[in-house]
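Scroll down for the structure; my scribbles are underneath it.
In this text, all values refer to a predicted model and were calculated from it rather than measured experimentally. Chain identifiers are assigned alphabetically (A, B, ...) following the order of the sequence lines, protein sequences preceding nucleic acid strands; residue numbering begins at 1 within each chain.
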Amino acid sequence: MSEKYIARSSQIAARMLGGEMMVMSSVDSTFFTLNEVATVIWQAADGHTPLAEIVARNVCDEFEVDIDIARRDAEQFVNELSHHGILLVSDCPFDISPGPVEAA
Amino acid sequence: MSLMQEMNERALELGVPLGVHLDVTYRCNERCVHCYLDHDDHGELTTVEIKDILQQLAEAGTFFLTLSGGEVLMRRDFFEILEHARDLKFNVRIKTNGVMIRKSEARRMRDLGVEQVQVSIYSRRPEIHDAITKLPGSLKRSIEAIRLLKSQGLKVAIANVLMTVNMGEHAGVQALAQELGVVYTLDPTITPKIDGDTSILNLRIPGSELKAVFHNKDLVGNVEEFCAPPPKPGEDVMEGYPCSAGHTAAYITPYGDVFPCVQFPLPSGNVRRQKFMYIWRNSPELNEVRSIRAKDLPVCSTCSHVGTCTRCPGLAYLEGSMRGPSTADCEKSFQRTGILSANMLRKAHAHSHGPLIQIQPFAA
């Protein structure tokens, strides 16, 4: 996995509901629910921590999954959300903080 | 079932107030003839109080937040409130007349990631629109606001309330919405004033006009489907709830009063005295609202429209009983389908001039 940094867009609304994260883009009103693993990645998307580190530390350690599978799934998840402008992706750390994580 | 419906179902199961309508002020720069509010300031929530309420709502799981009024921009701290709401990641919709929106306000709303801005338009003719708002030049300014909001990339909806004084105007407003590239919504509902005063109900459009609206394909799409006779209600209908008010939705006034819905002014607590979540979980009034199923409605449970009627429990409450019929919705069901509601039949029977006591001749 190439070095990637991910940050939550400021143009989204998000809230935990029954253990799942609801996320909605104000740009195109796309609505997602994230499962537990995706929520962990989402919450760790601070714009400063490399995606590889998030996967290794927050996903593999927490959920005891194979690193290659976790990386592949994380890449897919990040690509999909970035396509809708919900996650911002860059090959260098973001300058601006994406703001606080939504209330659970 | 769509993902959104699934979330609503889950919120209902978990008792989460998924959507909250917060009126930040009742003050307004317009004086619309049909408005149900008193525009004086009787001690609005302060900025600090509103921020605290928003924090409580976020913790309660509220996702959809409607900020409305009055006119929201009458509050000098409106953008501070909006910024706080967006920091808390609410999906925010704003209802406004747009009169005070200039380029800087539109840009700020865009930057803060507002989901949608709804602007009220009553006619595309200034002499009609401005006569309703009683603010000269208001149509021009509202349309300019819509253009500015659109130019910032915001999603905008025109809300067109239909009443006797703008009855023939909806086609023009719909065309205006199309020209501006915004969503058009039509609402023929006029509600009593929030204090129970019913004097403005004479602005409700007559049944013949309501029928014309419901049979207009430009407004309802598939007329045959929209106006179809109601199917026989099943058990799921009788066990069902009338609407989301008090179940997954709540309303908070500028004074902190909590109601089940903006159209359902049943005092259920005040966030100045108790935490929102305490009121949401423990208010006897909200719990009573939640206990009511369609089968518990003495008249409506016997009505053929029970499964398809838009019956508003708030309007029913304002008519005297939250378990009673809402005559405005009876009228809508009738004009839509041509089938009288149980309440209409009951009233017709009560007003018939037949003998009070009927004696059936004994058949030998």
What part of B:Val92 gets closer than 4.5 Å to chain A, counting heavy atoms only: side chain, backbone, both or neither?
neither
Do the charged groups of A:Glu20 and B:Arg10 touch, with an N to O distance under 4.0 Å?
yes
Go through the atoms of B:Leu65 and report whether side chain, backbone, both or neither lie under 4.5 Å from a heavy atom of chain A.
neither
Would you tell me whether A:Gln11 and A:Ser9 have side-chain atoms, one donor and one acceptor, within less than 3.5 Å of each other?
no
Do A:Ser29 and B:Glu115 have side-chain N/O donor and acceptor atoms under 3.5 Å apart?
yes
Between B:Glu144 and B:Arg102, is there a side-chain N and carboxylate O pair less than 4.0 Å apart?
no
Measuring heavy-atom distances to chain A, does B:Leu3 have an atom under 4.5 Å in its side chain, in its backbone, in both, or in neither?
both
Against chain A, label B:Thr62 side chain, backbone, both or neither, depending on which of its atoms sit under 4.5 Å from a heavy atom there.
backbone
Engaged part of B:Arg110 at the chain A interface, taking heavy atoms whose separation is under 4.5 Å
backbone
Side chains of A:Tyr5 and A:Asp91: any donor to acceptor distance under 3.5 Å?
no
